[in-house]
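Here the structure comes first, spelled out in structure tokens, and everything after it is commentary.
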Amino acid sequence: QVQLVESGGGLVQAGGSLRLSCVAAGRTFSNYAVGWFRQAPGKEREFVATSHWSGGTTYAADSVKGRFTISRDNAKNTVYLQMNNLKPEDTAVYYCAARPSSGIYQQVRDYNYWGQGTQVTVSS
């Protein structure tokens with residue numbers, strides 16, 4: 001079992017930046033694929049970005065590609081989501097997720113463990 005705790009959300013103006021963090025406790029995080037997802041009010045949870053357990057392979061959704069970057073520091077059991085040039089449509093609760101395997105994964109159903117989420121609000 002691994003516990004995930006996100007932080008770093010907040011209110012930012014369009015064009016601004018935020019960095020989300022997700023700290024894992026309970027297991028060796030380096031053995032887990034990780035992902036970031038988001039859910040806006042009234043919408044389904046959607047994929048944002050994913051990272052292989054090594055951090056060597058990452059993938060981001062087209063809607064955030066070139067603006068958001070996923071990275072991880074396995075020594076700190078932490079995964080990050082750097083978000084630049086934020087837009088009002090990025091407003092959502094952002095969730096960190098983990099799966100005890102290699103590879104990269106884009107589906108909600110692929111992940112076993114989830115954090116509680118952190119709110120990101122982008123004003124126009």
Side-chain angles (χ1 to χ4, degrees):
Q1 183 103 7
V2 61
Q3 295 81 42
L4 304 173
V5 179
E6 304 97 332
S7 63
L11 173 64
V12 64
Q13 288 187 333
S17 298
L18 284 173
R19 188 176 79 158
L20 306 183
S21 299
C22 173
V23 178
R27 294 286 184 178
T28 302
F29 198 44
S30 59
N31 297 330
Y32 288 72
V34 294
W36 284 99
F37 291 77
R38 65 187 182 186
Q39 189 166 18
K43 295 188 176 181
E44 293 187 352
R45 193 167 298 189
E46 66 173 3
F47 167 75
V48 175
T50 180
S51 170
H52 184 269
W53 66 266
S54 69
T57 302
T58 62
Y59 183 76
D62 287 344
S63 59
V64 305
K65 200 167 292 184
R67 301 188 298 122
F68 292 11
T69 303
I70 186 172
S71 63
R72 63 192 296 167
D73 185 341
N74 287 335
K76 296 182 178 180
N77 270 10
T78 303
V79 62
Y80 304 98
L81 185 68
Q82 178 66 43
M83 306 186 295
N84 298 327
N85 190 22
L86 282 159
K87 304 176 181 181
E89 52 263 43
D90 295 319
T91 295
V93 177
Y94 282 71
Y95 297 91
C96 173
R99 171 189 170 116
S101 63
S102 62
I104 56 174
Y105 304 91
Q106 300 176 52
Q107 304 298 320
V108 170
R109 63 177 180 268
D110 292 332
Y111 290 88
N112 307 89
Y113 303 103
W114 292 84
Q116 83 289 347
T118 185
Q119 176 71 46
V120 171
T121 303
V122 184
S123 63
S124 58

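In what follows, every heavy atom counts, from backbone to side chain, and hydrogens, waters and symmetry copies are set aside.
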Looking at [atom1] of [X] and [atom2] of [Y], how far apart are the two atoms once the value is rounded to the nearest 0.5 Å?
{"X": "Ser71", "Y": "Leu81", "atom1": "OG", "atom2": "CG", "answer": "8.5 Å"}
{"X": "Leu20", "Y": "Phe68", "atom1": "CG", "atom2": "CZ", "answer": "8.0 Å"}
{"X": "Ser101", "Y": "Asn112", "atom1": "OG", "atom2": "CG", "answer": "7.5 Å"}
{"X": "Ser51", "Y": "Ile104", "atom1": "OG", "atom2": "CD1", "answer": "8.5 Å"}
{"X": "Met83", "Y": "Leu18", "atom1": "CE", "atom2": "CG", "answer": "4.5 Å"}
{"X": "Ser124", "Y": "Lys87", "atom1": "OG", "atom2": "NZ", "answer": "14.0 Å"}

Check your understanding: Is the shortest heavy-atom distance from the side chain of Thr50 to the side chain of Tyr111 under 4.5 Å?
Key -> yes
Check your understanding: With a distance cut-off below 6.0 Å to the six-membered ring centre and an angular limit of 45° from the axis, does Arg19 pair with Tyr80 as a cation-pi contact?
Key -> yes
If two hydrophobic side chains count as joined below 4.5 Å and joins carry through other members, does [X] share a cluster with [Y]?
{"X": "Val34", "Y": "Trp36", "result": "yes"}
{"X": "Val48", "Y": "Ile70", "result": "yes"}
{"X": "Leu4", "Y": "Val23", "result": "no"}

Review point. In terms of the angle between their ring planes, are Phe47 and Tyr59 parallel, tilted or perpendicular, with boundaries placed at 30° and 60°?
Key: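 Phe47 and Tyr59: parallel rings.
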Exercise for review: For the pair Arg38 and Tyr94, evaluate side-chain hydrogen bond (donor to acceptor under 3.5 Å, both in side chains) and give the outcome as yes or no after the intermediate values.
Suggested key: CA-CA 4 Å; Arg38 65 187 182 186; Tyr94 282 71; 2.9 Å; yes
How close do [X] and [Y] get, counting heavy atoms only, and between which atoms?
{"X": "Asn84", "Y": "Ser17", "value": "OD1-OG, 3.0 Å"}
{"X": "Leu86", "Y": "Val12", "value": "CD1-CG1, 3.5 Å"}
{"X": "Thr118", "Y": "Gly9", "value": "OG1-N, 3.2 Å"}
{"X": "Tyr113", "Y": "Pro100", "value": "CE1-CD, 4.3 Å"}
{"X": "Val5", "Y": "Gln116", "value": "CA-OE1, 3.8 Å"}
{"X": "Ala40", "Y": "Thr91", "value": "CB-O, 3.8 Å"}

Practice item. Decide if atom NZ of Lys76 counts as having more than 12 heavy atoms of other residues, nucleotides or ligands within a radius under 6.0 Å. Key: no
Donor-acceptor contact below 3.5 Å, side chain [X] vs main chain [Y]:
{"X": "Tyr105", "Y": "Ser102", "value": "yes"}
{"X": "Arg72", "Y": "Gly55", "value": "no"}
{"X": "Gln39", "Y": "Ala92", "value": "no"}

